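Presented below is the structure to which this report refers.
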Amino acid sequence: MIAPVCERVNDLADEAKRDRLAEVDPDAVAELEAEAEAEEQLLPDLPDVADHEEVRMRLAPNPNGPWHLGNARMPAVIGTYKSMYDGWMLCRFDDTDPETKRPDLDAYDGIIDAIDYLGFEPDEVVRASDRVETYYEHARDLIDAGGAYACTCSQEQFSELKADAEPCPHRGQDADETHAEFDRMVAGEYESGEMVLRVRTDIEQKNPALRDWVAFRMVDTPHPREAAAEYRCWPMLDFQSAIDDHLFDITHIIRGIDLQDSAKRQGFLYDYFGWEYPEVTHWGRIEVDEYDVPLSTSSIKERIAEGELDGWDDPRAPTLASLERRGVRGGAVVAAMTELGVSTSSADLSMSAIYSANRERVDEGTDRAFLVRDGERLPVDGGPDAGHPPVHPEHEDRGRRDVPLDDAVLLEPGDVPAEGDRVWLKGWGPVRNEDGRLVHTDEGIEVVREEGVDVVHWVDADENVPVTMRTMDGDVSGRAEPGVGDYGVDDLLQFERVGFVRLDDVVGDELTTYFTHA
RNA sequence: GCUCUGGUAGUGUAGUCCGGCCAAUCAUAUUGCCCUCUCGAGGCAAUGACCAGGGUUCAAAUCCCUGCCGGAGCACCA
């Protein structure tokens with residue numbers, strides 16, 4: 001009585017089960033989801049969450065180019081925390097260096113798109129270059145509090161003094177004088193390198209990195225954004241970020257280990273202002289295997305300029321644009337990133353972690369098809385005029401494909417049976433190689449089950465679709481079954497015994513696909 | 001040189017704060033088997049780690065010391 005029902009339920013896909021269950025018992029679904037969520041808590045708890053009404057975090061990208069894989073860690077981790085704590089997330093473009101790390105005007109939107117690809121959405125987006133006046137105001141407050149002085153020392157001079165824990169000649173400057181100098185900086189009366197505003201920390205601080213750091217400097221190059229093009233006096237990251245983190249009520253800062261000393265540096269500012277510093281967590285550097293190109297915006301830029309890569313979405317580029325084009329789901333990247341946790345030691349991310357996470361997401365919904373690479377043409381005698389492999393092996397209900405077979409097939413060289421040997425053309429039937437012809441043998445599937453006949457994919461030698469598959473190791477060409485013509489750009493397919501691909505382009509009857517992974 | 005910071009299987013991670021239930025978790029990877037008309041998915045199994053040496057302790061991955069090896073900062077970059 002019950003067994004047949006169980007069987008039917010087991011045949012349903014997970015989604016279908018869930019939908020059906022939702023009709024029968026909505027509470028049970030909520031419970032299931034809660035369980036799933038609890039299991040998915042991959043990240044350790046943030047410190048002192050209970051002390052804050054709301055967890056407020058920020059992404060602070062520098063928009064100096066499209067994102068690579070390493071950049072994904074920030075939104076992956078912070079976005080995941082946002083959903084864990086139902087928190088708030090700012091995206092603040094730290095674009096206060098018009099010269100050395102010059103912003104790329106396309107990168108602002110590009111980064112927002114990348115965040116969206118990863119499945120997150122900032123609650124608010126701001127650009128530091130729109131907020132320069134705010135930084136000036138706080139600089140003036142800092143001067144009033146005795147926390148800053150204007151300094152004309154060269155980098156080398158100051159560096160030497162700092163190394164010896166000696167104050168520079170300007171350190172004793174009074175607030176009025178500093179105000180006057182700072183006004184001149186803001187008015188653009190100095191050129192690059194002539195004057196900086198330093199924070200008066202503690203010149204005898206045992207950590208040299210914390211001694212009287214630069215808060216503002218002069219930059220001659222105009223900012224690429226028109227709205228900010230007139231500014232010449234720019235805040236350094238430590239100043240700008242410190243002010244903004246407070247003004248946006250950021251409770252938790254999560255950032256790279258390279259900014260380890262920032263909290264201590266900025267602590268001097270917070271002390272002058274009487275503010276409380278947010279909780280800070282750091283993660284270490286990550287490296288990704290399987291790529292010859294380092295995770296660095298500038299080196300990717302170079303390879304593109306030199307023509308070694310076709311662009312930011314070249315399959316060989318370790319960029320998010322490349323993964324997206326290859327059909328990797330953003331969620332798979334996030335899963336792999338959160339799995340890395342927030343350890344401060346450096347880590348190697350293996351692409352297999354991303355692929356595995358992606359396979360989990362994609363296998364269920366992806367239709368199957370045949371692609372024969374470097375096909376070898378073999379005449380076929382006898383047998384039916386078409387094969388009918390399933391659209392998806394676990395879902396008979398999705399139907400069967402119609403793969404024609406007239407009088408010859410293409411097989412991959414490694415699949416061609418030796419003279420006298422048999423092979424099973426998947427979804428069609430068994431053949432034996434007799435003098436270079438494949439002769440239908442009219443045997444049942446038991447030859448596969450019991451006699452170890454290999455099952456191979458195939459395609460009609462004449463009725464097929466030319467396919468170019470772009471992979472990390474270069475382009476591969478092949479021929480696919482005619483049915484692939486029914487799919488459109490952005491669809492995913494699994495070429496059986498080859499791997500997953502994303503359809504990228506259709507020109508006439510020619511298909512370009514990007515290889516995702518096996 | 002000065003100052004931070006870290007070191008658990010190939011990779012990542014749990015455990016380390018509050019020593020025992022850790023001959024160490026989970027995932028991925030690799031290999032083998034099962035299942036399957038895919039080399040996908042699923043199932044089962046195997047492989048494989050506490051950086052080293054001392055100390056404290058009845059007991060140490062966990063606490064202490066030393067050493068070794070990493071990573072980061074000491075920018076008028078972010």
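Residue numbers start from 1 in every chain, and the chains themselves are labelled A, B, ... in the order their sequence lines are given, proteins ahead of strands. Just so it is clear, the structure is predicted and the values come from calculations on it, not from any experiment.
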Would you call the rings of [X] and [Y] parallel, tilted or perpendicular if under 30° counts as parallel and over 60° as perpendicular?
| X | Y | value |
| --- | --- | --- |
| A:Tyr277 | A:Tyr270 | perpendicular |
| A:Tyr136 | A:Tyr231 | perpendicular |
| A:Phe216 | A:Phe182 | perpendicular |

*asked:* Does B:C76 have OP1 or OP2 under 4.0 Å away from a side-chain N or O of A:Gln155?
replied: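 For B:C76, OP1 or OP2 has a side-chain N or O of A:Gln155 closer than 4.0 Å.
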_Measuring to OP1 and OP2 of B:A78, would you say a side-chain N or O of A:Thr96 lies under 4.0 angstrom away?_
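Yes, A:Thr96 has a side-chain N/O under 4.0 Å of OP1/OP2 on B:A78.
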Would you please say whether a donor-acceptor pair under 3.5 Å links the side chains of [X] and [Y]?
| X | Y | value |
| --- | --- | --- |
| A:His457 | A:Glu412 | yes |
| A:His395 | A:Glu364 | yes |
| A:Gln494 | A:Thr366 | no |

Between [M] and [N] - [atom1] atom distance, rounded Å:
| N | M | atom1 | answer |
| --- | --- | --- | --- |
| B:C64 | B:A27 | C1' | 34 Å |
| B:U36 | B:A41 | C1' | 9 Å |
| B:G10 | B:U16 | P | 23 Å |
| B:A49 | B:A24 | C1' | 9 Å |
| B:U25 | B:C51 | P | 16 Å |
| B:C39 | B:U31 | C1' | 15 Å |
| B:A72 | B:C63 | P | 26 Å |
| B:A59 | B:A14 | P | 29 Å |

Distances under 3.5 Å between nitrogen or oxygen atoms of protein and nucleotides 43-51 of chain B:
none

Could you list the residues that satisfy side-chain contact (heavy atoms from CB on, under 4.5 Å) with [X], not counting sequence neighbours?
| X | answer |
| --- | --- |
| A:Thr100 | A:Asp97 |
| A:Thr344 | A:Ile257, A:His282 |
| A:Val391 | A:Asp367, A:Arg398, A:Arg401 |
| A:Ser346 | A:Arg285 |

_Stretch residues 344-353 of chain A: residues that reach within less than 4.0 Å of RNA chain B through a heavy atom_ =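 Under 4.0 Å from RNA chain B: A:Thr344, A:Ser345, A:Ala347, A:Asp348, A:Ser350, A:Ser352.
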Determine all donor-acceptor pairs shorter than 3.5 Å in which one atom belongs to a side chain in residues 60-76 of chain A; sequence neighbours excluded.
from    : atom 1 : to       : atom 2 : distance (Å)
A:Asn62 : OD1    : A:Asn64  : N      : 3.4
A:His68 : ND1    : A:Gly70  : N      : 3.0
A:His68 : NE2    : A:Asn71  : ND2    : 3.4
A:Arg73 : NH1    : A:Gly284 : O      : 2.8
A:Arg73 : NH2    : A:Gly341 : O      : 3.1

Within the structure shown, what part of the strands sits under 4.0 Å from [X] by heavy-atom distance: base, sugar-phosphate, or nothing?
| X | result |
| --- | --- |
| A:Lys101 | base |
| A:Cys153 | base |
| A:Met195 | nothing |
| A:Val214 | sugar-phosphate |
| A:Leu340 | sugar-phosphate |
| A:Ser159 | sugar-phosphate |
| A:Ser241 | nothing |
| A:Gly193 | base |

_Which residue in the set A:Asp238, A:Asp202, A:Asp271 passes salt bridge (charged side-chain N to carboxylate O under 4.0 Å, His left out) when paired with A:Arg265?_
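Exactly one pass, corresponding to A:Asp238.
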_Requiring both pairing distances under 3.5 angstrom, list the stems that contain RNA chain B and are made of three or more consecutive Watson-Crick or G-U pairs._
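If one scans RNA chain B for consecutive Watson-Crick or G-U pairs, the stems found are B:1-7 with B:68-74, B:10-12 with B:26-28, B:29-34 with B:42-47, B:51-55 with B:63-67.
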*Side chain of A:Lys162 (C-beta onward), nearest among B:A78, B:G71, B:A75*: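 Given the options B:A78, B:G71, B:A75, the side chain of A:Lys162 is closest to B:A75.
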*Counting heavy atoms from C-beta on, name the nucleotide in B:G71, B:G73, B:A78 closest to the side chain of A:Asp261.*
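For A:Asp261, the side-chain atoms sit closest to B:G73.
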_Presence of salt bridge, A:Arg225 and A:Asp130, under 4.0 angstrom_ =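 Here A:Asp130 pairs with A:Arg225 in a salt bridge, since their nearest N and O are under 4.0 Å apart.
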_Each nucleotide in nucleotides 34-40 of chain B should get exactly one letter: B, S or -. Can you fill that in based on protein heavy atoms under 4.0 Å?_
---BBBB
Roughly how many Å is it from [atom1] in [X] to [atom2] in [N], rounded to a whole number?
| X | N | atom1 | atom2 | answer |
| --- | --- | --- | --- | --- |
| A:Asp258 | B:G71 | CG | P | 14 Å |
| A:Lys264 | B:A72 | NZ | C1' | 11 Å |
| A:Glu360 | B:U28 | CD | C1' | 11 Å |
| A:Trp283 | B:G12 | CH2 | P | 17 Å |

Any pair with a residue in [range] that passes salt bridge (charged side-chain N to carboxylate O under 4.0 Å, His left out), sequence neighbours left out, goes on the list, sorted by first then second residue, please.
| range | value |
| --- | --- |
| residues 204-216 of chain A | A:Arg171-A:Asp212 |
| residues 156-165 of chain A | none |
| residues 181-191 of chain A | A:Arg140-A:Asp183, A:Glu181-A:Arg184 |

_Earlier contact from the 5' end, RNA chain B, for A:Asn207 and A:Thr152_ =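 Of the two residues, A:Asn207 wins.
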